[in-house]
There are 2 protein chains.
Amino acid sequence: MTKLQIHRREASDASDRDAKAQAEGFATVRQAHESEMAEDYVELIAELIEIQGEARPVDIAERLGVKPPTVTKNISRLKEAGLVSRERYRAIFLTPEGQKLAEACRRRHRIVVAFLLSLGIDEETAERDAEGIEHHVSETTLEAFEAVVTRAHEKH
Amino acid sequence: MTKLQIHRREASDASDRDAKAQAEGFATVRQAHESEMAEDYVELIAELIEIQGEARPVDIAERLGVKPPTVTKNISRLKEAGLVSRERYRAIFLTPEGQKLAEACRRRHRIVVAFLLSLGIDEETAERDAEGIEHHVSETTLEAFEAVVTRAHEKH
DNA sequence: TATATATGTTAGCATAGGCTAACTTTTGAG
DNA sequence: CTCAAAAGTTAGCCTATGCTAACATATATA
Ligand SMILES: [Mn+2]
Ligand SMILES: [Mn+2]
Ligand SMILES: [Mn+2]
Ligand SMILES: [Mn+2]
């Protein structure tokens, strides 16, 4: 090994954990993106069922800001994944598994929004930012957020 | 119009802003996803140039946790977008525009990490979560984060 | 009840961003 | 200086998630 190579190796050793940890971080983000569609859909479906009694593709499309064919396609993916049940041309229901996921997502969404509001951020921005942030918040961080919200409420 | 239809319309009017705002929120998230690859790449390229003097595809691939052909493809997209300049088989450089974006991303990344750390979250988790969160934080929220970090530092 | 409107689906297309296998070019050890 | 190993590229594949145009079904008004 030449000096140059030794130098490179040492640098590599020193930052190896760093590089590996960084790669794991990016991998975590990519995984989060994979579940994001499912999470947003089941969360929204649960909301619509609560507000309107049923979740129709047209309403899902309106609230997501996508076109109906996109919803049809994604709903069949969710059905494939066992998160929703439905028959053609009929409203959409959540399976028990879907309901469980929806509940977890709604909780997480609520906490993130409440946390941002507790920092003094306006509702519009809080909702906007939360819609993306929610998918990248670990349980650890979520609990920290929750603690801040709780303390803010105590001080009211 | 029947009562049912009137009822639907009223409900729609009442929650129209809501639905529209929600759709805008999701649209914002989709836009963030479109810039995410570019942001992560230029940020990483800037880091590598700082640490190693150059940014090579093999190192970018290692730190992102993807394979070299993926990097080749994405780098050519960034070149297309005017963010990097490079010649085949040679190291990658940032254009002035790329440098500007990289600086903004590094600042944002630092603030998000510092903010999470200030909540008592461990470094590993803070870095992991920040890697995703950073792309969904508005300037408003970023400033709120910054304020919290500053206050935490003052209290030391 | 008939039919117009609203809703939903299908087919086919596009882009982004992953991958492997095979090939090319550069680099550096001897 | 040579040539093997390291690095980089290309081609071709895949999945996810958008879209439009055309068609099918359901719903509600007349
Ligand atoms: Mn979301
Ligand atoms: Mn949400
Ligand atoms: Mn990132
Ligand atoms: Mn980052």
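Numbers restart at 1 for each chain; the letters A, B, ... are given by sequence-line order, proteins then strands.
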Check ion pair B:E43-B:R110 (N to O, under 4.0 angstrom): no
Cationic N near anionic O, under 4.0 Å, B:E139 to B:R107: yes
Reported CG-to-CD1 distance for the pair A:L83 and A:I92, which is rounded to 0.5 angstrom: 12.5 Å
First of B:G65 and A:T72 reached from the 5' end of DNA chain C, by closest nucleotide: A:T72
Minimum-distance pair of heavy atoms, taken over all atoms of A:I45 and A:A55: CG2-CB, 3.8 Å
Protein-nucleotide distance (B:H135, atom NE2; C:dG17, atom C1'), rounded to Å: 14 Å
Side chain to side chain contact (heavy atoms under 4.5 Å, CB included) evaluation trace for B:L116 with B:F145: CA-CA 9 Å; B:L116 293 175; B:F145 282 10; over 6 Å; no
Side chain of A:V66 (C-beta onward), nearest among D:dG18, C:dA16, C:dG8: D:dG18
Length of the line joining B:K67:NZ and D:dA7:P, which is rounded to integer Å: 14 Å
Position toward the 5' end of DNA chain D (nearest nucleotide), B:V71 or A:N74: B:V71
From A:L78 atom CG to A:I75 atom CD1, the distance as rounded to the nearest 0.5 Å: 5.0 Å
Distance below 4.0 Å between A:R30 side-chain N/O and C:dG17 OP1 or OP2: no
Residue B:P69, side-chain atoms from C-beta onward, closest of D:dT10, D:dC19, C:dT7: D:dT10
Whole-Å gap separating P (D:dT9) and CD1 (B:I75): 9 Å
Upstream residue (5' side of DNA chain C) when A:P68 and B:R90 are each assigned their closest nucleotide: A:P68
Atom pair distance, as rounded to whole Å: CG in B:L64 and C1' in C:dG17: 12 Å
Those residues that, when tested against A:H136, pass ring-ring contact (aromatic ring centres under 6.0 Å, His included) (two or more places apart): A:H33, B:H136
Residue-level proximity of residues 79-89 of chain B to DNA chain D when a heavy atom falls under 4.0 Å: B:R86, B:R88, B:Y89
OP1 or OP2 of C:dC19 under 4.0 Å from side-chain N/O of B:T70: yes
Atom-pair distance (CD on A:E54; C1' on D:dT27), nearest Å: 12 Å
For DNA chain D, the residues among residues 32-44 of chain B that have a non-hydrogen atom under 4.0 Å from it: none
Short side-chain donor-acceptor distance under 3.5 Å, A:H109 and A:E47: no
Candidate pair A:E50 and A:R106, rule salt bridge (Lys or Arg N to Asp or Glu O under 4.0 Å), full reasoning: CA-CA 12 Å; A:E50 196 169 283; A:R106 294 180 80 182; 3.2 Å; yes
Spacing of B:I92 atom CD1 relative to D:dT9 atom P, expressed in whole Å: 7 Å
Base D:dG18 paired with A:K73 side chain (donor-acceptor, <3.5 Å): yes
Separation of atom CD in A:E62 from atom P in C:dA6, rounded to whole Å: 14 Å
